[in-house]
Amino acid sequence: MSTPGVKKPFRTLVLYSAGHLGSAVILNQLISSPEYEVVGVARAKAVTFSRKGLKRLRKHLISIGWRFGWLLLWQQLIQTLSYLFTGLFRGERQGLKPTWRLALSHNLPVFQCEDINSKEALDFICRLQPDIIISAYFTQILKKDIIELPNIGILNVHPGWLPAYKGAMAYFWVLKNGGDQAGVTVHWIDEGIDTGTILRRHAFEITPGMTQQNVLEQTAIIGAELLTDIGHELATQGKATPAPLDEQEPDQYYPMPGSEAFDSYFKQRRFFRIRDIFHLIQQRKRRKHNKNLKNH
């Protein structure tokens, strides 16, 4: 644990998902953060072309529906074109950079992660000796051996208000449920799913016309700021204070949405807008520090 009163960047391993804009937003912020020294990344592939990986993909597409599967593919294509446009016409110093490019430009060791709990992943993390691990929209469940590796612990940026929105794609479910507020939570990871000690939470308004892409974007931008606050507190005080919770708050787990949930969602809202993706990647949005973040 860091010595109280000493501001020293923590050796940090970042877990992220390939092609995920939330992961990209978080890593872009952490790379330039004085609180964290990123020493490596572990990348969960969107698709693995092994027999097991393709079988898992087919099962996933059947579950979510082919319409939504094609929509995800179209979204990834738009993101790729946005990155190319920004890099070619706006210069390398502007805009959001994809996670792979950040890792390359900063000479970060990368682990291509089919199973974060494998012996190979364990060895990779041990070699880096991280003080802290940050899970930035990582799609795999961490088990005890990995959780106990870092000196301080593992922080997770969860794109929902915990404990009311545990589970997958909270930013989708809050819109599907007709909520008027969405949220983001940073918590310690334990062996449960989104059950670790909550350190920071922030709620924000859902405005008319908002898509799940817009909600996701806000959770990542705010989540990066919450990580900065936690890092500062860890460095100066040697610990992070848990957020106060109300025992009467709802506690709900949401699974990965299926085809029926997506069909219902599409009747109410759009999933993303092309211009929003281009705007995020070109502008590399940041929030200014706000001491009044709702955290209760």
Side-chain angles (χ1 to χ4, degrees), residues 12-33 35-36 38 41-44 46 72 75-76 78-80 82-83 86 95-103 133-140 154-162 165-175 179 181-187 189 194 198-207 210-231 271-273 275-290 293-295:
T12 304
L13 170 70
V14 178
L15 311 179
Y16 77 94
S17 295
H20 198 295
L21 277 177
S23 296
V25 170
I26 295 293
L27 188 56
N28 271 264
Q29 294 292 79
L30 290 178
I31 284 290
S32 58
S33 168
E35 289 79 18
Y36 303 98
V38 180
V41 295
R43 174 181 181 265
L72 287 178
Q75 185 181 34
Q76 287 296 313
I78 295 301
Q79 288 177 200
T80 301
S82 300
Y83 281 129
T86 302
L96 190 78
K97 294 181 176 60
T99 44
W100 66 266
R101 181 175 293 175
L102 283 172
I133 295 176
I134 291 176
S135 174
Y137 303 87
F138 193 64
T139 55
Q140 299 178 19
I154 302 180
L155 290 171
N156 181 46
V157 179
H158 178 75
W161 183 267
L162 291 179
Y165 277 91
K166 295 177 181 176
M169 292 186 68
Y171 45 89
F172 167 88
W173 284 110
V174 72
L175 291 174
Q181 282 193 326
V184 56
T185 305
V186 179
H187 65 94
I189 283 183
D194 302 329
I198 294 171
L199 301 178
R200 297 287 192 281
R201 299 187 296 181
H202 177 67
F204 55 92
E205 182 183 2
I206 295 175
T207 57
M210 228 176 183
T211 67
Q212 66 84 39
Q213 175 75 42
N214 300 138
V215 176
L216 167 63
E217 174 186 316
Q218 286 301 306
T219 65
I221 294 168
I222 297 168
E225 182 179 352
L226 297 180
L227 286 172
T228 297
D229 289 343
I230 292 169
F271 195 70
F272 71 92
R273 297 184 185 87
R275 66 174 183 270
D276 292 341
I277 294 177
F278 268 87
H279 184 68
L280 172 64
I281 291 175
Q282 290 176 24
Q283 300 299 320
R284 187 182 171 184
K285 291 183 181 179
R286 296 170 182 255
R287 283 177 60 91
K288 294 182 179 179
H289 182 69
N290 180 4
L293 288 178
K294 184 178 179 182
N295 178 36

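Because the structure is predicted, anything quoted here is derived from the model rather than measured. Just the heavy atoms: all of them, side chains too, but no hydrogens, waters or symmetry mates, feed the values below.
- Contact of the Tyr16 side chain with the Ile26 side chain is not registered, since no non-hydrogen atoms from C-beta on lie closer than 4.5 Å.
- Using a distance-only test at 3.5 Å, with no hydrogens or angles considered, a donor-acceptor pair links the side chain of Gln76 to the main chain of Gly19.
- Atom CD1 of Ile277 and atom NE2 of His279 lie 13.0 Å apart (nearest 0.5 Å).
- For the residue pair Ser33 / Glu35, a side-chain donor-acceptor distance below 3.5 Å is found, with atom types taken as modelled.
- Atom CD of Gln79 sits about 9.0 Å away from atom NE2 of His20, to the nearest 0.5 Å.
- Across Ala103 and Val41, no two heavy atoms sit closer than the pair CB-CG2, 4.2 Å.
- Looking only at distances, no side-chain donor or acceptor of Thr99 sits under 3.5 Å from a matching main-chain atom of Ala24.
- Summarising the geometry of Gly179 relative to Ile206, their closest heavy-atom pair is O-CD1, 3.4 Å, with the distance given to 0.1 Å.
- Minimum heavy-atom separation, Val174 to Ala182: CG1-CB, 4.0 Å.
- A pairwise comparison of heavy atoms in Phe138 and Ala44 identifies CE1-CB, 3.5 Å as the closest pair.
- To the nearest 0.5 Å, the span separating CZ on Arg101 from CG on Leu27 amounts to 13.0 Å.
- Under a 3.5 Å cut-off, the side chain of Asn214 and the backbone N or O of Thr211 do form a donor-acceptor pair.
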*Begin with the C-alpha distance, continue with both residues' side-chain angles, and end with the deciding distance and a verdict on side-chain hydrogen bond (donor to acceptor under 3.5 Å, both in side chains) for Thr219 and Tyr137.*
CA-CA 10 Å; Thr219 65; Tyr137 303 87; 2.9 Å; yes
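- Counting heavy atoms from C-beta on, the side chains of Arg200 and Ile230 come closer than 4.5 Å.
- Gln140 CD to Ser135 OG: the interatomic distance, rounded to the nearest 0.5 Å, is 10.0 Å.
- With contacts defined as side-chain heavy-atom distances shorter than 4.5 Å, the pair Ile281/Leu21 qualifies.
- A donor-acceptor pair under 3.5 Å links the side-chain atoms of His158 to the main chain of Tyr165, judged by distance alone.
- When atom types are taken as modelled, the side chain of Tyr36 and the backbone of Gly231 share a donor-acceptor pair closer than 3.5 angstrom.
- The line from CG of Leu216 to CD1 of Ile221 is 9.5 Å long, rounded to the nearest 0.5 Å.
- Contact check for Asn156 versus Asp194: side-chain heavy atoms found under the 4.5 Å cut-off.
- Not one N or O on the side chain of Gln282 forms a donor-acceptor pair closer than 3.5 Å with the backbone of Gly95.
- Going from atom CD1 of Ile31 over to atom CG of Leu102 covers 5.5 Å, rounded to the nearest 0.5 Å.
- What you find for Val184 and Gly223 is that their closest heavy atoms are CG2-CA, 4.2 Å.
- Between Val215 and Phe172 there is no side-chain heavy-atom pair separated by less than 4.5 Å.
- Minimum heavy-atom separation, Ala170 to Pro159: CB-O, 3.2 Å.
- Annotation: side chain of Leu155 is in contact with side chain of Leu227 (closest heavy-atom distance under 4.5 Å).
- A 4.5 Å side-chain heavy-atom check between Leu96 and Tyr83 finds at least one atom pair inside the cut-off.
- Remark: of the listed residues Gln75, Arg273, Gln218, Gln75 is the sole one forming a side chain to side chain donor-acceptor pair (under 3.5 Å) with Gln213.
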